[in-house]
Each structure stands twice: as structure tokens, then as C-alpha cells.
Amino acid sequence: AISPNGRTLVTASKDHTASLWDVYTGKEQRRFEGHTDSVTGCACSADGQSIATASSDGTVRLWDVNSGQEIRRIPQHGRIRSPFGFTGCAVSPNGRQIAVTSNYSRKVRLWDISTCEELKGIEGFPSVHAPTCCAMSPDGQSMAINHNDCCCLWDVATGKELRRFEGHDSSVNGCAFSPDGRRIVTVSYDRTCRLWDVDTGKELQRFEGHQGSVYGCAFSPDGRRMV
């Protein structure tokens with residue numbers, strides 16, 4: 001995940017931590033420690049003051065970027081008990097909600113960050129496989145969620161599917177919206193990164209060159225670059 005100012009990025013790791021890096025120097029600025037299993041997903045808040053991490057330990061945690069301290073944990077008490085825990089997360093543009101995916105459930109769960117109360121999520125996925133990644137649109141009205149080898153656009157308020165982005169030859173592992181909300185980028189086990197038009201669902205461009213599966217992606221704040 002790239003910070004709103006484009007100067008830092010956050011990575012998740014199997015060593016149970018997340019790290020904040022300086023984009024220009026490549027140096028680690030801060031490490032977020034506390035999870036007891038692999039950190040599988042991360043997201044930045046719109047104001048850049050906090051980050052969210054999802055983990056195989058069955059918790060989602062919010063951290064203060066400046067201090068590196070944990071400021072919120074979801075669920076508030078205990079953890080979601082499952083063989084795999086959580087696989088990805090996304091923070092709403094207004095910073096009030098967090099969406100979470102997991103290997104054990106065919107549902108994207110939605111929580112109120114301030115109260116830690118679970119809200120109505122998105123479910124009804126046609127795939128037998130659970131969604132493992134998601135991304136919130138800049139206006140907060142829709143969400144991109146992976147379904148096996150495609151990515152789908154869902155209406156957050158109604159929970160209905162709006163559009164599909166199909167073309168990958170293998171499972172989609174990550175997705176992200178452009179800052180203006182007009183494009184979606186997806187990455188896959190098929191070693192490609194693809195750019196899609198949100199309104200039409202058409203593939204606009206394909207990026208090839210990775211020698212292995214691609215697991216994550218993000219846009220720069222100006223929308224001109226992708227990671």
C-alpha cells in the first residue's frame with residue numbers, strides 16, 4: 001500500500017510484521033510488531049495517519065504511523081478462529097469502516113472502526129473459493145473483490161454485483177483503484193498485471209515481466225505509476 005502523499009509504502013510479511021518504507025531511499029522507517037502469525041494484507045488510511053493490517057492470526061489491527069503503536073484491534077476481544085485467519089483488508093475513504101477478506105468465508109466482512117462492531121458485509125459470491133483480496137473505490141460506494149481468475153465490482157450499500165473484469169489465466173491475488181476511481185489494476189498467479197476500465201469492464205493494458213506470481217499492487221497518488 002502506498003501512502004496518500006506518495007512518499008512511503010507499507011508492506012506485509014510472513015515474519016508477523018508490517019513495515020513502512022521510504023519510497024525514495026528504499027530504507028525502512030518503521031516496523032509494526034504485534035501479530036502472532038503472517039501479515040497477509042495492509043492498507044493506508046486516507047489521511048495517512050494510520051495503517052491497517054490483516055493477519056493469519058485472525059485479527060485486523062490499526063497502527064499509528066508516527067509511533068508504530070497499535071491503536072485498535074478487530075475483533076476487539078479474542079480473534080476470528082479459523083485455519084487461515086484473514087487474507088486482505090481495505091479502509092473506507094472516510095476512515096470509518098474496514099473491509100476484510102478471509103480464506104474460510106465466502107463473505108467480505110465489514111467493521112465499524114470506532115466501535116469495532118461488525119456491519120453488513122458482502123456475500124453471495126458465485127465461486128466455491130472464498131475471496132482473498134478487496135479494494136475500496138475512492139468515493140466509498142463500490143468495492144473490487146477477487147473471484148478466482150476474475151475481479152468483480154460490488155455496490156457497498158446494496159451488496160449487489162455491478163461488473164466483472166475477466167481475462168486473467170489464473171487466480172487474481174490483488175486489486176487496487178486508481179485515485180480518480182476510473183481504473184482498476186489487478187495482479188495474478190499468471191504473472192501479469194492488468195489495467196481495466198471501471199465503467200466498461202474492458203482490459204486497457206497488460207504489464208508483463210514478472211518471473212513468478214504477482215501478489216499485490218497499488219497506484220501512486222497521482223495515478224501515473226503502479227507498484
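Small disclaimer: the values here were computed from a predicted structure and weren't measured.
In this structure, Ile145 CD1 and Glu123 CD are separated by 11.0 Å, a value rounded to the nearest 0.5 Å. Atom CD1 of Ile51 is separated from atom CZ of Phe32 by 4.0 Å, given to the nearest 0.5 angstrom. To the nearest 0.5 Å, atoms CG (Asn146) and CZ (Phe165) are separated by 13.0 Å. To the nearest 0.5 angstrom, Phe177 atom CZ is 5.0 Å from Ser137 atom OG. Note that CD1 of Ile2 and CH2 of Trp21 are 15.0 Å apart. Values are rounded to the nearest 0.5 Å. In this structure, CG on Leu195 lies 8.5 Å from OG1 on Thr186, to the nearest 0.5 angstrom.
Under the 4.5 Å side-chain contact rule for hydrophobic residues, Leu62 and Val100 share a cluster. Hydrophobic clustering (ILVMFWY, side-chain heavy atoms < 4.5 Å, transitive): Leu153 and Leu204 are in distinct clusters. Under the 4.5 Å side-chain contact rule for hydrophobic residues, Leu9 and Leu20 do not share a cluster.
Contact of the Asp199 side chain with the Arg182 side chain is not registered, since no non-hydrogen atoms from C-beta on lie closer than 4.5 Å. Annotation: side chain of Cys133 is in contact with side chain of Cys175 (closest heavy-atom distance under 4.5 Å). Ile113 is not listed as a side-chain neighbour of Arg96, based on a closest heavy-atom distance of 4.5 Å or more. With contacts defined as side-chain heavy-atom distances shorter than 4.5 Å, the pair Cys193/Val185 qualifies.
For the salt bridge (charged side-chain N to carboxylate O under 4.0 Å, His left out) condition, no pair includes a residue of residues 7-21, sequence neighbours left out.
Taking all atoms of both residues into account, the shortest heavy-atom contact from Ser45 to Val91 is CA-CG1, 4.5 Å. Nearest heavy-atom pair across His35 and Ser55 is ND1-CB, 3.1 Å. The heavy-atom pair separating Ala43 from Ala1 by the smallest distance is CA-CB, 4.0 Å. Closest approach of Gln97 to Leu119, counting heavy atoms only: NE2-CD1, 3.5 Å. Pairing each heavy atom of Val65 with each of Gly48, the nearest pair is CG2-O, 3.6 Å. Of all non-hydrogen atoms in Ala12 and Cys42, the two that sit nearest each other are N-SG, 4.0 Å.
No side-chain donor from either of Ser38 and Ser56 sits under 3.5 Å from a side-chain acceptor of the other. In this structure, a donor-acceptor pair under 3.5 Å is absent between the side chains of Ser188 and Asp149.
Residues meeting the side-chain contact (heavy atoms from CB on, under 4.5 Å) test with Ala90, sequence neighbours left out: Cys134, Met136. With sequence neighbours excluded, the residues satisfying side-chain contact (heavy atoms from CB on, under 4.5 Å) with Ser67 are Asp64, Gln69. Looking at residues two or more places apart in sequence or on another chain, you find a side-chain hydrogen bond (donor to acceptor under 3.5 Å, both in side chains) between Glu28 and Ser19, Arg31. Applying the salt bridge (Lys or Arg N to Asp or Glu O under 4.0 Å) rule to Glu70 yields the partners Arg61, Arg73; only residues at least two apart in sequence or on another chain are considered. Scanning for salt bridge (Lys or Arg N to Asp or Glu O under 4.0 Å) contacts around Asp190 gives Arg194, with sequence neighbours left out. Residues meeting the side-chain hydrogen bond (donor to acceptor under 3.5 Å, both in side chains) test with Asp22, sequence neighbours left out: Thr25, Gln29. Residues passing the side-chain hydrogen bond (donor to acceptor under 3.5 Å, both in side chains) test with Thr36: none are found, sequence neighbours excluded. For the salt bridge (Lys or Arg N to Asp or Glu O under 4.0 Å) test, residues two or more places apart in sequence or in another chain that qualify with Arg206 are Glu203. Taking the side-chain hydrogen bond (donor to acceptor under 3.5 Å, both in side chains) definition, one finds that Thr101 meets it with Thr87, sequence neighbours left out. By the salt bridge (Lys or Arg N to Asp or Glu O under 4.0 Å) test, Asp197 pairs with Arg183, sequence neighbours left out.
Environment of CZ in Phe207: crowded, with over 12 heavy atoms of neighbouring residues, nucleotides or ligands closer than 6.0 Å.
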Evaluate the criterion side-chain contact (heavy atoms from CB on, under 4.5 Å) for residue pair Cys89 and Ile98; output intermediate values, then yes/no. CA-CA 7 Å; Cys89 60; Ile98 186 167; 4.2 Å; yes
Just do the side-chain contact (heavy atoms from CB on, under 4.5 Å) check on Gln49 and Asn66 with the steps written out, would you? CA-CA 7 Å; Gln49 296 301 303; Asn66 296 314; 3.4 Å; yes
Before giving the answer on side-chain contact (heavy atoms from CB on, under 4.5 Å), spell out for Asp155 and Ser142 the whole-Å C-alpha distance, their side-chain angles and the decisive distance to 0.1 Å. CA-CA 5 Å; Asp155 186 290; Ser142 57; 5.8 Å; no
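For the pair Arg164 (side chain) and Gly201 (backbone), a donor-acceptor distance under 3.5 Å is absent. A distance-only check finds no donor-acceptor pair linking the side chain of Thr8 to the backbone of Ser3 [under 3.5 Å]. Using a distance-only test at 3.5 Å, with no hydrogens or angles considered, no donor-acceptor pair links the side chain of Thr17 to the main chain of Glu33. Looking at Arg163, its side chain does come within 3.5 Å of a backbone N or O of Val198 through a donor-acceptor pair.
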Please table the atom pairs, donor to acceptor, closer than 3.5 Å between any side-chain atom in residues 209-217 and protein atoms at least two apart or in another chain.
from: Gln211; atom 1: NE2; to: Gly209; atom 2: O; distance (Å): 3.0

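When each of Ile122, Val108, Asn148 is paired with Pro131, the side-chain contact (heavy atoms from CB on, under 4.5 Å) condition holds for Val108 and for no other.
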